[in-house]
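Sequence lines set the chain letters: A, B, ... in the order given, protein chains first and strands last, and positions in each chain run from 1.
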Amino acid sequence: MRTYPEEFFVRKEKVKKLREMGIEPYPYRFEITHHSTDIKEKFEELEGKEVRIAGRIMTKRVFGKLNFAHLRDEFGDIQIVTQKGVTSVDGLPEEDGSKFFKKFVDTGDIVGIAGKVIKTKTGEISVLASSLKILSKALLPLPEKWHGLQDKELRYRERYVDLVVNPESRKVFKTRTRIIGFIRNFLNSRGFLEMETPVLQPVYGGAMAKPFETFSHVLGTKLYLRISNELYLKRLLVGGFEKVYEFSKDFRNEGIDRLHYPEFTLLEAYAAYWDYSDMMRMTEELLSGLAKEITGSYEIEYQGVKLSFEPPFRKIDYVKALTDKLGFNPVEADESKLREAGKFHEIDKYDRLPKHKLMDKLFDKLIGDEIKDPAFVMNHPVDISPLAKRHRSNPAVTERFELFILGMEIANAFSELNDPIDQRERFEKQVELRKSGDAEIPAEIDEDFLKALEVGMPPAGGIGYGIDRIVMLFTDQPSIRDVILFPQLRPKKE
RNA sequence: GGGCCGUUAGCUCAGGUGGUAGAGCACCUGAUUUUUAAUCAGGGGGUCGCAGGUUCGAGUCCUGCACGGCCCA
């Protein structure tokens with residue numbers, strides 16, 4: 001059972017009263033001519049002119065015959081003034097608008113104001129209302145007016161309230177939209193086509209993760225929410241599209257922490273006739289351009305750490321870097337040596353992890369975590385890169401890179417494997433690895449994808465960008481949940 | 001999964017060693033024609049996350065659970 005604060009009943013009574021007076025507290029439309037920021041920015045031009053604005057009442061300073069309030073719209077706040085003899089009530093010409101404001105308008109209400117742009121005695125740009133219209137009567141009070149909503153749980157559970165009272169929160173999500181818009185423009189202007197591929201897939205693949213499962217009653221078949229769209233975008237390359245991308249909501253039925261969330265956004269892009277070096281160049285251009293766009297410079301600060309996005313980014317060879325740290329080559333070494341190193345460097349389950357995973361954990365701990373400024377980690381071993389082409393000068397590793405920033409994996413790219421025979425062998429090896437206990441590896445080989453490769457896929461470069469993490473970096477947010485509008489939490493038991 | 005921290009009014013938070021629950025904002029009543037967190041006077045509002053236990057007595061101590069946060073894996 002929900003419980004209601006006493007204000008709720010007071011305000012409900014006001015709704016009833018308003019209707020009795022002939023005022024509809026939830027009317028249909030209101031014509032606006034300006035936003036708060038327009039009026040402040042173009043005050044000289046607008047002073048004394050009539051404007052129509054709308055928004056939410058955030059504060060009230062009430063005298064009775066003369067009242068002040070701050071109105072919040074999408075762009076900012078502006079003071080409104082209601083005055084006896086000046087302000088009338090929309091639909092009630094007889095009513096003293098100032099008294100009405102005092103009696104019936106509460107903080108949280110959405111109102112429309114028609115009035116004159118003025119500067120008050122204290123010099124604040126304001127709108128002196130000639131007419132006041134309630135556009136939506138709020139029944140619940142807003143949180144405390146200068147601390148806003150602090151409680152993280154409440155901010156996630158009631159994001160709509162967070163967005164109303166914490167302007168920084170609204171800014172984060174506006175920036176998120178700007179970032180996605182910038183990237184979309186960037187790709188469109190380079191001839192990439194935005195595509196839409198299935199969210200529901202009969203065979204999941206393209207990544208290593210546990211999927212969400214569902215069932216189609218019509219088709220009578222099990223379906224998975226995609227963990228990746230990689231194998232579908234590659235089918236499009238087979239089909240003859242040369243540059244494609246998709247902002248893909250992907251789903252991984254795994255844990256939640258600062259960097260992981262089960263429903264997240266991955267941008268995947270593929271370009272025929274490119275290799276991973278081309279993708280590296282594009283990534284430098286894209287991220288340095290984004291830094292410029294969002295912050296005005298190549299330097300950004302994330303959680304107190306200064307980062308430089310000035311290209312070119314540092315390049316780190318995976319095997320060489322790990323060999324330097326371990327004192328032996330982890331790809332050539334036998335298993336016992338690797339496990340010994342795992343023990344020495346305190347890798348959890350060092351004795352039970354599959355070999356390739358142990359190596360990757362060692363890499364993350366010894367090298368990945370040390371990276372601050374953007375750096376390309378490149379040429380990963382074949383075992384951990386089942387969809388990447390072998391390196392042209394060393395078949396034990398692949399043409400692959402991951403972009404790391406502050407220890408976070410931000411992007412993952414390959415020269416895409418297009419040899420259908422090699423691809424089949426790699427998939428079969430993956431199935432073996434799954435049998436030896438790696439539950440994240442897809443159980444089933446995507447035969448239809450192999451068929452597509454057999455039809456012939458051009459050489460191509462491909463990349464996936466973790467959009468949520470990029471947004472975290474550029475909005476300086478500590479947790480992925482802070483850049484996702486409506487994160488899931490456990491239901492609250494009553 | 002493990003460790004640490006948190007949960008008190010609608011919101012933000014106080015509540016040494018156990019002794020009948022507090023403030024500010026918000027709300028209600030009144031005053032107020034230039035306020036900026038308006039001010040002044042008065043008032044209402046609580047299952048102290050939930051369930052047990054110890055005690056004459058628990059917001060406070062103990063145990064378990066729930067939800068959340070941070071860190072580790």
Can you check the [X] [atom1] to [N] [atom2] distance for me, whole Å?
X	N	atom1	atom2	value
A/Met58	B/A26	CE	P	12 Å
A/Ile57	B/A26	CD1	C1'	15 Å
A/Leu140	B/C27	CG	C1'	13 Å
A/Leu139	B/A26	CG	C1'	15 Å
A/Asp369	B/C72	CG	C1'	12 Å
A/Lys14	B/A26	NZ	C1'	12 Å
A/Ile256	B/C70	CD1	P	11 Å
A/Lys152	B/C67	NZ	C1'	16 Å

With rounding to the closest Å, how many angstrom separate the [atom1] atoms on [N] and [M]?
N	M	atom1	result
B/G59	B/C48	P	7 Å
B/C56	B/G43	C1'	36 Å
B/U60	B/G18	P	11 Å
B/A58	B/G53	P	12 Å
B/C50	B/U7	P	13 Å
B/C13	B/G3	P	27 Å
B/C71	B/U12	C1'	26 Å
B/U47	B/U32	C1'	41 Å

[X] side chain to [Y] side chain, donor-acceptor N/O pair below 3.5 angstrom:
X	Y	value
A/Gln488	A/Arg481	no
A/Ser228	A/Glu268	yes
A/Asp250	A/Ser248	yes
A/Ser98	A/Asn67	yes
A/Arg400	A/Ser385	yes

For a quick check of understanding: with a heavy-atom distance under 4.0 Å over all strands, which category does A/Arg155 fall into, base, sugar-phosphate or nothing?
nothing
N/O donor-acceptor pairs under 3.5 Å from side chains in residues 101-110 of chain A, not counting sequence neighbours:
unit_1   : atom_1 : unit_2   : atom_2 : d
A/Asp106 : OD1    : A/Lys14  : NZ     : 2.8
A/Asp106 : OD2    : A/Lys14  : NZ     : 3.1
A/Asp106 : OD2    : A/Lys137 : NZ     : 2.6
A/Asp109 : OD1    : A/Lys137 : NZ     : 3.3
A/Asp109 : OD1    : A/Ala138 : N      : 2.9
A/Asp109 : OD2    : A/Asp106 : N      : 2.9
A/Asp109 : OD2    : A/Lys137 : NZ     : 2.4

Stems in RNA chain B, runs of 3 or more consecutive Watson-Crick or G-U wobble pairs with both distances under 3.5 Å, sorted by first number, are B:1-7 with B:66-72, B:10-13 with B:22-25, B:27-31 with B:39-43, B:49-53 with B:61-65
Below the 4.0 Å mark, does B/C67 have OP1 or OP2 next to a side-chain nitrogen or oxygen of A/Arg157?
no
Of A/Arg11 and A/Arg258, the one whose closest nucleotide on RNA chain B sits nearer the 5' end is A/Arg11
Taking 4.0 angstrom as the limit, do A/Glu31 and A/Arg29 come out as a salt bridge?
yes
Pair A/Glu213 + A/Lys222: basic N to acidic O under 4.0 Å
yes
For A/Glu335, which residues count as a salt bridge (charged side-chain N to carboxylate O under 4.0 Å, His left out) partner, sequence neighbours excluded?
A/Arg339
Please list all pairs passing the ring-ring contact (aromatic ring centres under 6.0 Å, His included) test where one or both residues lie in residues 466-487 of chain A, with sequence neighbours left out.
A/Phe309-A/Phe474
Tell me which pairs pass side-chain hydrogen bond (donor to acceptor under 3.5 Å, both in side chains) where either residue lies in residues 151-160 of chain A, with sequence neighbours left out.
A/Lys152-A/Asp482, A/Glu153-A/Arg157, A/Arg155-A/Asp162, A/Tyr156-A/Asp482, A/Arg159-A/Asp162
Which class fits the ring pair A/Phe363 and A/His380: parallel under 30°, tilted 30 to 60°, perpendicular over 60°?
tilted
Could you list all N or O pairs between the protein and nucleotides 10-13 of chain B that sit under 3.5 Å apart?
unit_1 : atom_1 : unit_2   : atom_2 : d
B/C11  : O2'    : A/Glu144 : N      : 3.1
B/C11  : O2'    : A/Gly148 : O      : 3.2
B/U12  : OP1    : A/Gln150 : N      : 3.1
B/U12  : OP1    : A/Asp151 : N      : 3.0

Measure distances between side-chain N and O atoms of A/Gln79 and base N and O atoms of B/U35, and say whether any donor-acceptor pair falls under 3.5 Å.
yes
Ring center gap for A/Phe313 and A/Phe376 short of 6.0 angstrom
yes
Taking the six-membered ring of A/Phe264 as reference, does the NZ or CZ atom of A/Arg252 fall below 6.0 Å from its centre and within a 45° cone about the axis?
no
Within residues 97-120 of chain A, those residues having any heavy atom closer than 4.0 Å to RNA chain B are A/Lys102, A/Thr120
A/Leu259 side chain reached by A/Ile480 side chain, heavy atoms, under 4.5 Å:
no
Contacts under 3.5 Å, N or O only, protein and nucleotides 37-39 of chain B:
unit_1 : atom_1 : unit_2   : atom_2 : d
B/A37  : O3'    : A/Lys145 : NZ     : 3.3
B/A38  : OP1    : A/Lys145 : NZ     : 2.4
B/A38  : OP2    : A/Arg61  : NH1    : 3.0
B/A38  : N6     : A/Val62  : O      : 3.2

Set of residues satisfying ring pair (Phe, Tyr, Trp, His ring centres under 6.0 Å) with respect to A/Phe328, sequence neighbours excluded
none
The ring pair (Phe, Tyr, Trp, His ring centres under 6.0 Å) partners of A/Tyr302 (sequence neighbours excluded) come to none
What side-chain donor-acceptor pairs closer than 3.5 Å can you find for residues 41-49 of chain A, not counting sequence neighbours?
unit_1  : atom_1 : unit_2  : atom_2 : d
A/Lys49 : NZ     : A/Glu45 : O      : 2.8

Dump the pairs, protein N or O against N or O of nucleotides 1-7 of chain B, anything under 3.5 Å, distances to one decimal.
none

